[in-house]
Amino acid sequence: MKSTGVVRRVDDLGRIVIPKEIRRTLRIRDGESLEIFVDREMIALKKFSKMTDMDEISKQLVDIVNNVTGQNVFITDRDNFIAGSGNLRKKYLNKPISKALELIMKERSTIVEHGLHDIELVESVLEKYAYVISPVIMNGDAIGLVLIISEQSIGQVEEKMADVVSKFLGKHIEE
């Protein structure tokens, strides 16, 4: 573990302030949950993602949708591509999502481009794909995305599949 050189006092209510620069670097937003780990005399904080609990199901879902459609399929949490299937899997899996995808997630609406169109999936890399991007909504909060990406074109089957997978994940996580 790397030291930041930052020292903070614990206040009388047991609180500490995470410096703004560290919050910005780790993309920790106001109101976001952190998971606390303890190991002997060390406390570690990790961003909490409800989508992480869906890891195994997400991997199975992207493989199934890839088998049905033949397209690249990805699932993200709020920060990273957490599951992927298809020939673009290695290119995006476990990479941080772009600010453009964060904005799509905040808008909470499905985006479809049937033909090739510019999209920034990871920061500062503009590429041409046909795609459908559907937000995963849980209790009114956007917690991730389902992306089906094609190097040629997207049809109604892919649109329906993205919608079904995003709704399934949102409902499954709620329970």
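The residues of the chain are indexed from 1 along the displayed sequence. In what follows, every heavy atom counts, from backbone to side chain, and hydrogens, waters and symmetry copies are set aside. Worth saying up front: this structure is predicted, and the values here are computed from it rather than measured.
K167 and D163 are joined by a salt bridge, as a carboxylate oxygen and a charged side-chain nitrogen come within less than 4.0 angstrom of each other. A salt bridge does not link D63 with R89: every distance from a Lys NZ or Arg NE/NH1/NH2 to an Asp or Glu carboxylate oxygen is 4.0 Å or more.
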Review point. Given the rule in the side chain to side chain donor-acceptor pair (under 3.5 Å) test, do N72 and N66 qualify, once you have shown the distances and angles that lead to the verdict?
Key: CA-CA 6 Å; N72 295 282; N66 173 261; 5.5 Å; no
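One distance of note links CD of E159 with CD1 of I111; it measures 11.5 Å at 0.5 Å rounding. Annotation: the span from L121 atom CG to I149 atom CD1 amounts to 4.5 Å, rounded to 0.5 Å. Interatomic distance, D118 CG to E120 CD, rounded to the nearest 0.5 Å: 10.0 Å. In this structure, Q71 CD and M161 CE are separated by 11.0 Å, a value rounded to the nearest 0.5 Å. Rounding to the nearest 0.5 Å places OG1 of T69 at 5.5 Å from CD1 of I148. For the atom pair NE2 (H114) and CD1 (I154), the distance works out to 8.5 Å, reported to the nearest 0.5 Å.
Between T110 and S134 the shortest heavy-atom distance is OG1-OG, 3.4 Å. Contact record, D77 with M105: O-CE, 3.6 Å, taken as the closest heavy-atom pair.
Taking K91 as the reference, E127 meet the side chain to side chain donor-acceptor pair (under 3.5 Å) condition, with sequence neighbours excluded. For D30, the side chain to side chain donor-acceptor pair (under 3.5 Å) criterion is met by no residue, not counting sequence neighbours. E21 pairs by the side chain to side chain donor-acceptor pair (under 3.5 Å) definition with R24, not counting sequence neighbours.
Ring planes of F74 and F81: perpendicular class, angle over 60° (limits at 30 and 60°).
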